[in-house]
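Everything on this sheet refers to the single structure shown next.
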Amino acid sequence: MEEEHLNKEETIEMLMDQYGKSVVRLAFTFVKKEQLAEDIAQEVFIKCYQKLDDFRYESSYKTWIYRITVNLCKDRLRSWNFRNIFLTELFSENRINYNTPESELLNLEMKSDLSIKVLSLPIKYREVIILYYYEDFSYGQISDLSNISIQTIKSRLHRGRILLKKMMGEGGKNDG
């Protein structure tokens, strides 16, 4: 494996190049705030750097990085600070728009009706739908990443799809 011959800094740089944008996108699907998603991505790679010596190659780098991302996002969502600051900023009229390539991509994705509806799902359904459909993870990879059984993943995917169909149906009632 080529990665084993790289030093720690080179390995982290390679991981950031390969997974950086995906980590920001994944974090954004949890926290729904672009700047916060970018901050979490930075935290992810700091944690990767700190824990790189402990990586045992039992999973892929992608699975390992996504697990760290999901855990950091869940921690952030549970924090008192996030819940209160997020609500304050949500009602604030003074928003700054940063036009980076990543923000343009995120804005383009957010304009999609389906994406908006996926993001409005309860987090337990949103998480598995995003990992399965948007990140192309298998049931086994999602199970490893989230520490839930494959049957629970299948059940959550099924329930999430039902909720999305209901939401899409509500959106279509005004047609005609």
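When reading the values below, keep in mind they use all heavy atoms of this one structure, side chains included, and skip hydrogens, waters and symmetry mates.
With ring centers used as reference points, Phe55 lies under 6.0 Å from Tyr57.
Formation of a donor-acceptor pair under 3.5 Å by the Arg156 side chain with backbone atoms of Gln151 is not found in this model. Lys8 places no side-chain N or O within 3.5 Å of a backbone atom of Leu52 that could act as its donor or acceptor partner. Although no hydrogens or angles enter the test, the distance criterion places a donor-acceptor pair under 3.5 Å between the side chain of Thr11 and the main chain of Asn7. A distance-only check finds no donor-acceptor pair linking the side chain of Ser143 to the backbone of Ser149 [under 3.5 Å].
The two residues Leu157 and Val128 have their closest heavy-atom pair at CD2-O, 3.7 Å.
In this structure, Tyr61 and Trp64 have tilted ring planes: the angle between them lies in the 30° to 60° band.
For the residue pair Thr29 and Arg25, no side-chain donor N or O sits within less than 3.5 Å of a side-chain acceptor on the partner. Under the 3.5 Å distance criterion, with hydrogens and angles disregarded, no donor-acceptor pair is assigned to the side chains of Thr152 and Ser155. With 3.5 Å as the limit, one finds a donor-acceptor pair spanning the side chains of Tyr49 and Glu9.
A search for ring-ring contact (aromatic ring centres under 6.0 Å, His included) contacts involving Tyr19 returns nothing, not counting sequence neighbours.
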Problem set entry | Check against side chain to side chain contact (heavy atoms under 4.5 Å, CB included), Cys48 and Ile65 | CA-CA 7 Å; Cys48 287; Ile65 290 169; 3.8 Å; yes
